[in-house]
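Input: a single structure, listed below in structure tokens.
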Number of protein chains: 2
Amino acid sequence: MSLTKRLVASSRERIFAAAAGEFAARGFAGASVDRIARAAHVNKAMIYYHFRSKAALYQEILRDMFAAVAARVADVDASADAPADKIRAFVDAIANAAEARPHFPPIWVREIAEGGAHLDPGTLSHVTAVVKTLGRIVREGQSKGGFARINPMLIHAGIIGPVLMYFASAALRQRLARAGVPGVAQLSRETVVAHVQRVAVMTLEGEGV
Amino acid sequence: MSLTKRLVASSRERIFAAAAGEFAARGFAGASVDRIARAAHVNKAMIYYHFRSKAALYQEILRDMFAAVAARVADVDASADAPADKIRAFVDAIANAAEARPHFPPIWVREIAEGGAHLDPGTLSHVTAVVKTLGRIVREGQSKGGFARINPMLIHAGIIGPVLMYFASAALRQRLARAGVPGVAQLSRETVVAHVQRVAVMTLEGEGV
DNA sequence: GTCTATAAATAGATAGAC
DNA sequence: GTCTATCTATTTATAGAC
């Protein structure tokens, strides 16, 4: 591989990107290898040249995506910031990871609905690392930062739930906006992230409890 | 149809229930009419006797589910409670609707990921009714209850996101608990609902803002 | 209402030429 | 690395007997 970015993506990269789109749009079982091949402008046999099977291709996409979130979250964990700032940075990390790979949120949401059936052990460990890290940050704030004694998983739900739903629901929100629901069109990425950050920190710092 | 509940469900009811499970587990495109027939203990031809197509069957399930949420939310809207109590009741309504039909949360979450592609106009109007109702409750509280001036859609995201993810993630949470993530096993329905209620009301009543 | 049988299209996957 | 051609299983859906 050359050090400069090639002008034309390799067939493997094209397959990878096309597959992410297909899995995002139709789910694992609904995705078709034929359609992925067409979208990637390769022959179907090329997919089996680069990947063992449809399931292996899907698992590789999952691994790539969750490894990226886990890496961002690990950076947050390693910083010297105060717990409240780490919470804010955690929210940012999730939002940035979701934004960097447009097909990630729908795939993530679908995988949750399937009970993580396609997560291989390595990918599952990335997921647990993310969840455990937030737990550690919350407990750190509880022991020496005055955080309220709340189950860290509630904070997790309050962050992942809204952020993931926001990014996964772009198309539906557009339909709701056209149907005349007020406020949907004004829901920007920044607004949502800032709100989730504020609510998480506010809940933990105990004002109004 | 008799007035008392029959001991054995009709073939139509069995198909309906089996289809909900199949769509929840595999998504619309991944669901198989053959598998639905086997699970419902009917012949595949029976499905086409009762329903026009796989898509029509799916849309009928969606309509039934969203009509149920819309009905519960309409009751909340019609009550004479104070805005803050209506917010709490709205959270309860969503949670109860999700709980009453175990396959609803995964189907809902998947439909969001698909941009609501399978929502017919009638069902879409149920969805917009739910979202609009929460908006009305928030604005009511803003004009005469001292609620903070926040985009109601942020409150909506803060409710639907965590509640829906909680109910849709039961299987994955079990895996995370087994993988040693602390706190996941203790995350009960009551804890989550109470937390989401408290956070929504706290955000709106402006403490710590 | 319920069944068997089957059509017609598409699925995932592979063999083998170049 | 890339292609054509093909195998086999499964897909949605229907025709028609009972």
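Here the structure is a predicted model, which is why all the values come from computation and not from measurement.
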[atom1] of [X] versus [atom2] of [N]: gap in Å, rounded?
X	N	atom1	atom2	value
B:Leu57	D:dA13	CG	P	10 Å
B:Glu22	D:dT12	CD	C1'	14 Å
A:Tyr49	D:dT2	OH	C1'	9 Å
B:Phe23	D:dT12	CZ	P	9 Å
B:Ile47	D:dT11	CD1	P	12 Å
A:His50	D:dG1	NE2	C1'	7 Å
B:Phe51	C:dG1	CZ	P	12 Å
A:Ile15	C:dA13	CD1	P	14 Å

The side chain to side chain donor-acceptor pair (under 3.5 Å) partners of B:Arg189 (sequence neighbours excluded) come to B:Asp92, B:Asn96, B:Glu99

**Message:** Run the salt bridge (Lys or Arg N to Asp or Glu O under 4.0 Å) test on A:Arg72 and A:Asp75 for me, step by step, so that the C-alpha distance in whole Å, both residues' side-chain angles and the decisive distance to 0.1 Å come before the verdict.
**Reply:** CA-CA 5 Å; A:Arg72 282 175 202 260; A:Asp75 286 346; over 6 Å; no

May I ask you to say whether B:Lys86 pairs ionically with B:Asp81, meaning some side-chain N is under 4.0 Å from a carboxylate O?
no

Do NZ/NE/NH1/NH2 and the carboxylate oxygens of A:Glu22 and A:Arg26 come within less than 4.0 Å? yes

Q. Any side-chain heavy atom of B:Val193 within less than 4.5 Å of one from B:Tyr166?
A. no

Side chains of A:His103 and A:Ile61: does their closest heavy-atom pair fall under 4.5 Å? no

Is the shortest side-chain N/O distance from A:Ser11 to OP1 or OP2 of D:dT2 below 4.0 Å?
yes

Under 4.0 Å between a side-chain N or O of B:Tyr48 and OP1 or OP2 of D:dT14?
no

Under 3.5 Å: donor-acceptor pair, side chain of B:Asn43, backbone of B:Met46: no

Please answer whether the main-chain N or O of B:Thr133 pairs with a side-chain N or O of B:Asp77 as donor and acceptor at a distance below 3.5 Å. no

So, with a heavy-atom separation below 4.0 Å from DNA chain C, the residues of residues 28-46 of chain B are B:Asn43, B:Ala45, B:Met46

In DNA chain D, stems of three or more consecutive pairs, Watson-Crick or G-U, each with both distances under 3.5 Å, turn out to be C:1-10 with D:9-18, C:12-18 with D:1-7

Of A:Phe104, A:Trp108, A:Tyr58, the one forming a ring-ring contact (aromatic ring centres under 6.0 Å, His included) with A:Phe23 is A:Tyr58

